2 protein chains.
Amino acid sequence: MTGTRGYHHGDLRRVLLTAAVQAIQEAGPAALSLRDLARRAGVSHAAPAHHFGDKAGLLTALAVEGFDLLAEALRGAGDDLLAAGVAYVDFAVGHRAHFEVMFRPDLYRTDAPEVRAARERAGAALRSGVSALPPGRATVGDARGDALAAWSIVHGFATLWLAGALPPEVGGDPRDAARAVIRRLFWP
Amino acid sequence: MTGTRGYHHGDLRRVLLTAAVQAIQEAGPAALSLRDLARRAGVSHAAPAHHFGDKAGLLTALAVEGFDLLAEALRGAGDDLLAAGVAYVDFAVGHRAHFEVMFRPDLYRTDAPEVRAARERAGAALRSGVSALPPGRATVGDARGDALAAWSIVHGFATLWLAGALPPEVGGDPRDAARAVIRRLFWP
DNA sequence: CTCAAATCTTGTCGATGACAAGATCGCACC
DNA sequence: GGTGCGATCTTGTCATCGACAAGATTTGAG
């Protein structure tokens, strides 16, 4: 139970997921290799298949974990729109590997029941974070449209940040830059 | 010059790029295979390497082409902010393969000089599209911040749309949905 | 204590990317 | 009109990868 010795690893599933996060942070999801993960974990090349079936299975598990981590982060931000937006960007930067997998439907099985459920939990947290518009800026009509606009702007900023597409003038702190961007949406 | 006969293909480079666009649209960039492209083009498995060096080289060429197509699309939209935003989303949906490669730095050589140049051309077109804010909504301070917010919201919407992450209530026409989202940024 | 299921290993196959070496073509130059 | 050289494409090869099959080891329920 304490480590990696013995025939049975003890907690291989978790170790593989953690190694996958590490590997994706280093070289992106495209370069991910199950055999490399097995080497990192000190097990044989076929061990990962037992826990995840195939590569898409491992990434499916990673996506589920990612949506749950995102839901948790958004809940922690409370009902404040600005805080929720910053939390979204902060999650993307802080859990880059999860985030990069979650929105790449060609990499995993988006229709798996666990994925649907986790995605729904994150969606509920997101809607809750957007539900409270700033005072003096009541919803004029379509609250769903407000939510979509808010999601779009934070998702776009996070994606551009992660892609390294933003010019250097934006600065080095994603939270500060994100705040300035979000403010322009509902505090014009 | 007219086709694929003979030892020399005639226009293999272009044919391979077109086949790559097709293949990426079918199965995503992760499933792209140089040997599959060679089969589609009717050439040997090593022919692509001559034109692009390696897989990253082919995707680099695809990214350059994508940034140039984007610049062209944005210039076509003129100086209208709303039109430029819709054009951005329209480009992402209409040139899905290019767009999915352009913002994935782990897939190609983002520091190649041709990439830097093409990216700069697209960036200039983008800034020009955002330069003219709607009447009655003059820039209060930071025009660069306005541009970043506009880029973020259209990029985020396009990415979420392509990922199939948006709920069905958004509707089937990305241009209409994008217009509604963009309007919330500068016409609150 | 026994045995079945869970876990991991070894072995293998087809596919892939990258590289090397050779064949063929086209064109500038004489 | 030839000729040689560079560009283009082919064939051959190797290490790596994902997936699968079959076997070995361990755990734990009964």
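Convention: sequence-line order gives letters A, B, ...; per-chain numbering from 1. None of these values were measured; they are calculated from a predicted model.
Between Leu32(A) and Leu59(A) the shortest side-chain heavy-atom distance falls below 4.5 Å. Under the 4.5 Å side-chain criterion, counting only non-hydrogen atoms from C-beta, Leu74(A) is not in contact with Ser128(A). Side-chain contact between Thr110(B) and Arg119(B) is present, with heavy atoms from C-beta onward closer than 4.5 Å.
The distance between atom CG of Asp54(B) and atom C1' of dA15(D), rounded to the nearest whole Å, is 16 Å. The nearest whole Å value for the distance from the CG atom in Leu12(B) to the C1' atom in dT10(D) is 12 Å. Rounded to whole Å, the distance from CG on Leu16(A) to C1' on dC8(C) is 12 Å. Protein atom NZ of Lys55(B) is 13 Å distant from nucleotide atom C1' of dT16(D), rounded to whole Å. Whole-Å rounding puts the Arg14(B) CZ to dT8(D) P distance at 16 Å. The CG atom of Asp11(B) sits 11 Å away from the P atom of dT8(D) (whole-angstrom rounding). The interatomic distance linking Arg35(B) (CZ) with dG14(C) (C1') rounds to 11 Å, in whole Å. Rounding to whole angstrom units, CZ of residue Phe52(B) and P of dG17(C) are separated by 14 Å.
For the pair His51(A) and Arg39(B), both in contact range of DNA chain C, the more 5′-proximal nearest nucleotide belongs to His51(A). Residue whose closest nucleotide on DNA chain D sits further toward the 5' end, between Asp36(A) and Ala46(A): Asp36(A). Annotation: of the two residues near DNA chain D, Arg13(B) and His45(B), the 5′-most nearest-nucleotide partner is Arg13(B).
Residue Leu32(A) is classed as a sugar-phosphate contact, given heavy-atom separations below 4.0 Å to backbone atoms only. Residue Ala49(A) is classed as having no contact, given no heavy-atom separation below 4.0 Å to the nucleic acid.
OP1 or OP2 of dG18(D) sits under 4.0 Å from a side-chain N or O of Ser33(A). OP1 or OP2 of dT7(C) lies within a sub-4.0 Å distance of a side-chain N or O belonging to His50(A). In this structure, Ser44(A) does not reach the dC8(C) phosphate: none of its side-chain N or O atoms is under 4.0 Å from OP1 or OP2.
For the pairing with Phe99(A), the side chain to side chain contact (heavy atoms under 4.5 Å, CB included) check across Leu70(A), Thr159(A), Leu69(A) returns one residue only, Thr159(A).
Outside the 6.0 Å centre-distance limit, the rings of Phe67(A) and His98(A) are not counted as a close aromatic pair.
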